[in-house]
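Worth saying up front: this structure is predicted, and the values here are computed from it rather than measured. Atoms within a ligand are numbered from 1 in the order they appear, just like the ligands themselves.
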Amino acid sequence: MKHPSEHSVIFKGLGAYLPKNKLTNNELAQMVNTSDEWIRTRTGIVTRHIAQTEEKTSDMCTEAARLALKNAGLQPSDIDLIIVATVTSDKIFPSTATIVQKNLGLGPVPAFDLEAACSGFLYAIDVALSMMVRSATYKNVLVIGGEKLSTIVDWTDRSTCVLFGDAAGAAVLSKVNEARVGIIESVLGADGSNAELLHVPTGGIAMPTSNDVNKPFIKMNGKEVFKHAVRVMEKVARDVLSQTGIDIKDIDCVIPHQANQRIIESLVEHLKLSPEKVFINLSKVGNTSAASIPLALFDAIQEGRIKRGNWVLLVAFGAGLTWASTLIKWH
Ligand code: UT7
């Protein structure tokens, strides 16, 4: 257990933000050689949201965070730490977290970005939890996952451009004087030896972009990533459950990373889950990487799928390769 004391860390408020502009499968079929039928049957995605040119990752994160603060009933001055999980930070430096800090008018609290691709939000939750448990300083923490993936998508590559969308999701984590509620356990993992299955090879220090050469675009071996996703998500979910002694049958709601409907269906089959316990919002947002889980969690709460006392299991997988799972007793 991460916090055997009488203290726990709970999700006090959630927020989400989706850009207004939607891109449909039929519109994509006019841009590349694809069809609504192929995209729906191979991925489950119907639409995704695309940010305006001037709308930055920090802007989306700021909006999601404002809503999370409102839903938590807290003021910016109550926040003691801010972490942003993203692979599409506004600038190489400073961090998007510091830009969001300024936008929200937070105090001079620590602010940093964390990069673990689609697992980023759950990595950030684990880091925030560890800091909150270790130090009395951190009572209320903003954890945000936000991405403007449309800027790193190659819009001529049909194997990737149909998959991704822009969004942000945010959570306010708060310490409470109650034992064994909120975040109960978290497991993280990574395998750098498979990094090239899903990456943006250019635009970094190893291969900088110059003029129109080496544009930073997502490159993916979809089939291999798919196989790893199913195997690793099942394993990390089992690991987090076995560390806590909670049976999979006791879980009320599973929120998997929203990458592909077929990956989620395989996970359901391998874990022998009841499909109605698994929350999916992929069809309307696509794969939003670090924003995927907080966005789905926000929607699940809005739809009344999670209630106080429920066991909630979050499971993520992404580039790195990385993976993570978080078990929550909803408060
Ligand atoms: O968030 C991080 C993790 N990312 C993921 O989890 C993604 C994991 N991978 C996937 O979701 C799937 O592999 C994809 C959706 C990307 C692709 O589905 P697939 O069933 O693995 O298709 P494939 O790559 O094996 O391609 C099958 C065929 C190929 O044509 P040929 O070679 O059989 O003639 C592709 O060229 O489908 C073709 N294809 C398309 N056809 C129409 C690939 N993309 C498209 C497309 N429209 N958009």
message: I need the atoms of ligand 1 closer than 4.0 Å to a non-hydrogen atom of C118, numbered in the order shown.
response: 1 (O), 2 (C)

statement: Given the options L321, L188, T322, D126, S119 meets side chain to side chain contact (heavy atoms under 4.5 Å, CB included) only with T322

query: Is atom 43 (C) of ligand 1 close to the protein, meaning a heavy atom under 4.0 Å from it?
result: yes

- prompt: ligand 1 and T43, any nitrogen or oxygen pair closer than 3.5 angstrom?
  reply: no

- request: Give a yes/no on ligand 1: does I39 have at least one heavy atom closer than 4.0 angstrom to it?
  value: no

For atom 1 (O) of ligand 1, the protein heavy atom that lies nearest, with its residue and separation: N287 ND2, 2.6 Å

- prompt: So, for atom 33 (O) of ligand 1, does the protein have a heavy atom nearer than 4.0 Å?
  reply: no

statement: If we number the atoms of ligand 1 from 1 as shown, the ones under 4.0 Å from a heavy atom of V225 are 3 (C), 4 (N), 5 (C), 6 (O), 8 (C)

Sub-4.0 Å atoms of ligand 1 with respect to non-hydrogen atoms of I263: 6 (O), 8 (C)

- prompt: Checking R48 side chain against G286 main chain: does a donor-acceptor pair fall under 3.5 Å?
  reply: no

- prompt: Is it true that the side chains of D59 and T62 contain a donor and an acceptor less than 3.5 Å apart?
  reply: no

- prompt: Going by the order shown, which atoms of ligand 1 are within less than 4.0 Å of some heavy atom of T34?
  reply: 42 (C), 46 (C), 47 (N), 48 (N)

task: Please indicate, with yes or no, if any protein heavy atom is found under 4.0 Å from atom 29 (C) of ligand 1?
output: no

message: Can you confirm whether some protein heavy atom lies under 4.0 Å from atom 48 (N) of ligand 1, or whether none does?
response: yes

Minimum-distance protein heavy atom relative to atom 36 (O) of ligand 1: R158 NH2, 2.9 Å

query: Just wondering, more than 12 heavy atoms not from E224 lying within 6.0 Å of its CD?
result: yes

Min N/O separation M220 to ligand 1 under 3.5 Å: no

- prompt: Between E147, H257, Q258, which is the residue that forms a side chain to side chain donor-acceptor pair (under 3.5 Å) with S292?
  reply: H257

- request: Can you see which heavy atom on A167 is nearest to which on L18, and at what distance?
  value: CB-CD2, 3.7 Å

Side-chain (Q101) to main-chain (V109) donor-acceptor, under 3.5 angstrom: yes

query: Does a salt bridge link D154 with K215, judged by any charged N lying under 4.0 Å from a carboxylate O?
result: no

- prompt: Name the one of V181, N177, V176, V133 that satisfies side chain to side chain contact (heavy atoms under 4.5 Å, CB included) with H7?
  reply: N177

message: Just to be sure I'm reading this right: ignoring hydrogens, which of F164, W38, F317 gets closest to atom 37 (O) of ligand 1? Compare them by their nearest heavy atoms.
response: W38

query: Just by modelled atom types, is the W38 backbone N or O under 3.5 Å from a matching donor or acceptor in the S35 side chain?
result: yes

- prompt: Do protein heavy atoms approach atom 39 (N) of ligand 1 to less than 4.0 Å?
  reply: yes

message: For P201 versus M207, what's the shortest heavy-atom pair and its separation?
response: O-CB, 3.9 Å

- request: Mark the output for S159 as yes if a heavy-atom distance to ligand 1 is under 4.0 Å, and as no if none is.
  value: yes

statement: closest protein heavy atom to atom 14 (C) of ligand 1 is N260 ND2, 4.4 Å

- request: Go through ligand 1 atom by atom and flag the ones less than 4.0 Å from a non-hydrogen atom of R42.
  value: 20 (O)

query: Is a side-chain donor-acceptor pair under 3.5 Å present for N26 with T24?
result: no

Atoms in ligand 1 with a heavy atom of V162 nearer than 4.0 Å: 48 (N)

- request: Note the single closest protein heavy atom to atom 9 (N) of ligand 1, along with its residue, its atom name and the distance in Å.
  value: G222 O, 3.0 Å

message: Quick test of your reading of the model: are R66 and E63 salt-bridged, counting only N-O distances below 4.0 Å?
response: yes

message: Donor-acceptor check, side chain of T98 to backbone of A111, threshold 3.5 angstrom: yes or no?
response: no

task: Would you mind listing which atoms of ligand 1 come within a distance below 4.0 Å of any non-hydrogen atom of L198?
output: 2 (C), 3 (C)

- prompt: Near R262, which atoms of ligand 1 are under 4.0 Å from a heavy atom of that residue?
  reply: 18 (O), 19 (P), 20 (O)

message: Yes or no, since that's all I need: does a protein heavy atom fall within a distance strictly under 4.0 Å of atom 3 (C) of ligand 1?
response: yes

message: Among all protein heavy atoms in this structure, tell me which lies nearest to atom 23 (P) of ligand 1, with the distance rounded to 0.1 Å.
response: K223 NZ, 4.0 Å

